[in-house]
There are 2 protein chains.
Amino acid sequence: MTTARRSDTTRAAILEAARERFAADGYERATIRAIARDAGIDPSMVMRYFGNKEGLFAAASEIDLALPALGALPSRHIGAVLVNHFLDRWERDDVLTGLLRVCVTNEIGAARMQAIFEAQLGPVTLGVCPEPEEAPARAALVASQILGMALSRYVLRFPPAVEMSRDEVVAWLAPTVQRYLTAEAP
Amino acid sequence: MTTARRSDTTRAAILEAARERFAADGYERATIRAIARDAGIDPSMVMRYFGNKEGLFAAASEIDLALPALGALPSRHIGAVLVNHFLDRWERDDVLTGLLRVCVTNEIGAARMQAIFEAQLGPVTLGVCPEPEEAPARAALVASQILGMALSRYVLRFPPAVEMSRDEVVAWLAPTVQRYLTAEAP
DNA sequence: GCGACGTGTCAACACCTGTTGGCCTACAGT
DNA sequence: ACTGTAGGCCAACAGGTGTTGACACGTCGC
């Protein structure tokens, strides 16, 4: 059994500060010194616990996917459920915002973003789309709309995208996602 | 009349190298030294011609919008025309890819990206959408889909998004854009 | 001929970055 | 009570950054 060490609180403080900084500044501008200052410890502690900056980012961008139970619900509502789920996931904490800010200039971040969408969307898409070999393209289309809205709303903060209510976003995007998943190929 | 100076070729070489570096590396990792090395001149020339790094980026990310003549065509095809136009604009050079990579971590880039979409989409949206006060939200929805596909295809290079043919992309996205612009609000 | 000016290079500044190793302190096990 | 070790800080390294000023070469007007 693993007993709680004294260092666990420090680790947690570092990770929280790192997530905030990566989300606010991206990879290069989120410096280890700034993260350490936010966490109230010395920069060298970051190295001791996470090896180097890439290791810190890898640890700070780990996400539990928290897939909803999807098999049972009627496939007509799957678009709305999916959009709602992703908006939830984006607004609960700033891990995904950080990942989106980082993946644009960092290979590791890009690979992780791709892995997340594969794991999130792969099974869902395979379950509902008409032809299995179309599943990857359909998943990529859904990803493009989800990522584009997240970019406009949470990163670039385009005023109209920010001012839309959450229900409005779902009402507009759900039919798009639904069509990408279930409509016959054009 | 402005006669051609000898320095114009140098300016052009700097701008071309800067566009490539910004598109490949983003703002922070695209160093002035690397750009100058690519252009075959000294870093201090960059400062002399463009003042500082922000000035260089501002000059390198200037875009002639090249709006197509839009008023005359039947409004049923406006979605396909718009998607085609943006894909063209993204693939002609790497200015927009650079802007997309930069705007995620740089205020000036974000503001410029927003300005581009306002200028590109604003008039079109106002011309075709049912209620004028809905125009900004509809333009933001279109921007989210366009930006998301550009991110997946040209920046993150998700394999399924890259492997789709250009006609497939247009066939899938055009109805989405068309709906965001002309359908009644949900 | 000669100074002014445009074009360019060189060397340096001041600062910030990730990363490392040594030293100190306090608690745990025996 | 003593010692080992985990947790933490400090100072420094080596390298890279944007940016600046002094100096060299060429070409033009006069």
Side-chain angles (χ1 to χ4, degrees), chain A residues 1-61 98 101-102 104-109, chain B residues 1-61 98 101-102 104-109:
Chain A
M1 118 179 181
T2 63
T3 135
R5 299 164 180 254
R6 200 153 44 98
S7 66
D8 289 350
T9 64
T10 304
R11 284 183 96 96
I14 294 175
L15 282 178
E16 190 189 336
R19 281 192 260 262
E20 282 176 18
R21 283 284 177 177
F22 282 131
D25 297 337
Y27 189 79
E28 349 278 342
R29 285 179 34 201
T31 70
I32 289 188
R33 281 173 164 87
I35 292 169
R37 197 178 326 124
D38 288 359
I41 45 93
D42 191 85
S44 61
M45 300 301 296
V46 178
M47 311 305 294
R48 193 197 289 271
Y49 287 143
F50 299 99
N52 54 24
K53 192 177 180 180
E54 289 197 349
L56 172 63
F57 172 72
S61 64
R101 268 225 165 82
V102 167
V104 165
T105 50
N106 182 281
E107 292 291 334
I108 297 176
Chain B
M1 116 181 178
T2 63
T3 135
R5 299 163 181 256
R6 197 154 48 97
S7 65
D8 289 351
T9 66
T10 304
R11 285 183 96 96
I14 294 175
L15 282 178
E16 190 189 336
R19 282 191 259 262
E20 282 176 17
R21 284 284 177 177
F22 282 131
D25 297 336
Y27 189 79
E28 348 278 342
R29 286 179 34 201
T31 70
I32 288 187
R33 283 173 164 86
I35 292 168
R37 199 179 324 125
D38 289 357
I41 45 92
D42 191 86
S44 60
M45 299 303 293
V46 178
M47 311 305 295
R48 192 195 293 265
Y49 287 145
F50 300 98
N52 54 24
K53 191 177 181 180
E54 289 196 349
L56 172 63
F57 172 73
S61 63
R101 268 223 165 85
V102 167
V104 166
T105 50
N106 182 281
E107 292 291 334
I108 296 176

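In what follows, chains carry the letters A, B, and so on, assigned in the order in which the sequence lines appear, proteins first and then strands, with residues in each chain numbered from 1.
A/D8 has its CG atom 15 Å from the C1' atom of D/dG8, to the nearest Å. One can place CG of A/N106 at 13 Å from P of C/dG18, the figure rounded to the nearest angstrom. For B/I35 and D/dG18, the CD1 to C1' distance is 12 Å, given to the nearest whole Å. Counting to the nearest Å, the P atom of C/dC16 and the CD atom of B/E28 are 15 Å from each other. Following rounding to the nearest Å, A/M45 (CE) and C/dT20 (P) show an atom-to-atom distance of 15 Å. For the pair A/E54 CD and C/dT17 C1', the computed distance is 15 Å after rounding to whole Å. What separates CD1 of A/I41 from C1' of D/dG8 is a distance of 9 Å, to the nearest Å. The CG-C1' distance, from B/N52 to C/dA14, rounds to 17 Å in whole Å.
With C/dT19, D/dT17, C/dT7 as the choices, the nucleotide that has an atom nearest any side-chain atom of A/I32 turns out to be C/dT19. Of all nucleotides listed (C/dA12, D/dG7, D/dG21), C/dA12 comes nearest to the side chain of B/R33. Checking D/dG7, C/dG18, C/dT19 against the side-chain heavy atoms of A/Y49 singles out D/dG7 as nearest. For A/R48, whose side chain is taken as the heavy atoms from C-beta onward, the closest listed nucleotide among C/dG18, D/dT19, D/dG8 is D/dG8.
Using a 4.5 Å cut-off on side-chain heavy atoms (C-beta onward), A/R11 and A/I14 make no contact. A 4.5 Å side-chain heavy-atom check between A/I32 and A/N52 finds every atom pair outside the cut-off. With contacts defined as side-chain heavy-atom distances shorter than 4.5 Å, the pair A/I108/A/Y27 does not qualify.
Between the side chains of B/T105 and B/E28, a donor-acceptor pair is found at a separation under 3.5 Å.
Minimum interatomic distance between A/F22 and A/K53 (heavy atoms only, all atoms of both residues): CE2-CE, 4.4 Å.
Checking A/D42 against B/T10, the closest nucleotide of DNA chain C that is more toward the 5' end is the one next to B/T10. Comparing A/S44 and A/R37 against DNA chain C, the residue whose closest nucleotide sits nearer the 5' end is A/R37.
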